[in-house]
Amino acid sequence: MKLLDGKVAIVTGAARGIGEAIALELAEQGAHIAFTYVSDSSAEKAAALEQKIQSLGVKAKAWKSNAGDAAQCESFVNEVLQEFGQIDVLVNNAGISKDNLLMRMTNEQWEQVIQVNLNSVFYMTKQVIRPMMKARSGVIINMSSIIGEIGNAGQASYAASKAGVIGFTKSVAKELGSRNIRCNAIAPGFIETDMTSYLKDGEGAEKYKSNIPLGKFGAASDVANVVVFLASDMGSYVTGQTISVCGGLNI
Ligand code: NAI
């Protein structure tokens, strides 16, 4: 018996990086996976992931759906319900950064980051709570960031969006705890993905690592493992929390 046998999980932005690792890890534990990608250039990767997940013996389907668009979130969730029959786990993973010093940050850059990183979490959560309330069970996991907790020069929009995710998470936990719906956030530190590729080999990489107690950047699977814990009954008394996965960078 696997930890998530027969569960249905949604993962947004899963064609690569942390989202892909989460989709695979949830599937390894027996969950059926519905996931999204946003750009046409990711379609091939999404199709390959769909097949890889199916080869693990569970259902998998990719949708091209923009998490920052309320109408697309609504139709995506409706279609998942039609095809999979239930939604047990939602992982709000999709995210972007548009870093710039405040002096230079345009309104458009600010709004795009809030739309994709924060508004999407509201749109998706709003859609899944109805079936979860009906089932009197559900788990929502929101991807925040260490930057949402400590801030960072040049990342005001990203930090604000990720801090917003933490406040939203706590509110959902309080509002829906009595319905047996748990809601937690994860705050990764530096995880090696395309989003952080500019840090990986740059001159500053060693300096960054020297500030991390574990002395290295994290892997996407480090985050995915915590998602499995929260999504499964292993985390059944955990709600409203922000779990740091940052090699100790926040201490
Ligand atoms: P990534 O850039 O490699 O992957 C993000 C994924 O989200 C991509 O597949 C992208 O196509 C998708 N996406 C972007 N906008 C979307 C939209 N509107 N609708 C649907 N999908 C969309 O980034 P990574 O590193 O895998 O990040 C995943 C999450 O983890 C993000 O929320 C990010 O902010 C967060 N995070 C990442 C950290 C890191 O060090 N890599 C650290 C802290 C948080």
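Atoms within each ligand, like the ligands themselves, are counted from 1 in listed order. Keep in mind that the numbers below use all heavy atoms, side chains included, and drop hydrogens, waters and symmetry copies.
- Taking every heavy atom of both residues into account, A173 and T239 meet most closely at CB-OG1, 3.5 Å.
- Remark: K45 fails to qualify as a cation-pi partner of Y37 under the 6.0 Å distance and 45° angle criteria applied to the six-membered ring.
- Electrostatic pairing of E50 and K61 does not count as a salt bridge here, judged by no charged N lying under 4.0 Å from a carboxylate O.
- The closest side-chain donor-acceptor pair between N92 and T12, if any, does not fall under 3.5 angstrom.
- Between the side chains of N100 and Q109, at least one donor-acceptor pair of N or O atoms lies under 3.5 Å.
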What does the contact table look like for ligand 1 (nitrogen or oxygen on each side, cut-off under 3.5 Å)?
| from | atom 1 | to | atom 2 | distance (Å) |
| --- | --- | --- | --- | --- |
| ligand 1 | 2 (O) | R16 | NH2 | 2.6 |
| ligand 1 | 3 (O) | R16 | NE | 2.9 |
| ligand 1 | 18 (N) | N66 | OD1 | 2.7 |
| ligand 1 | 19 (N) | A67 | N | 2.9 |
| ligand 1 | 25 (O) | T193 | OG1 | 2.5 |
| ligand 1 | 26 (O) | I18 | N | 2.8 |
| ligand 1 | 32 (O) | N93 | O | 2.7 |
| ligand 1 | 32 (O) | K162 | NZ | 2.9 |
| ligand 1 | 34 (O) | Y158 | OH | 2.6 |
| ligand 1 | 34 (O) | K162 | NZ | 3.1 |
| ligand 1 | 40 (O) | G189 | O | 3.1 |
| ligand 1 | 40 (O) | I191 | N | 2.8 |
| ligand 1 | 40 (O) | I191 | O | 3.3 |
| ligand 1 | 41 (N) | I191 | O | 3.2 |
| ligand 1 | 41 (N) | T193 | OG1 | 3.2 |

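- Side-chain atoms of D88 and Q86 include a donor-acceptor pair closer than 3.5 Å.
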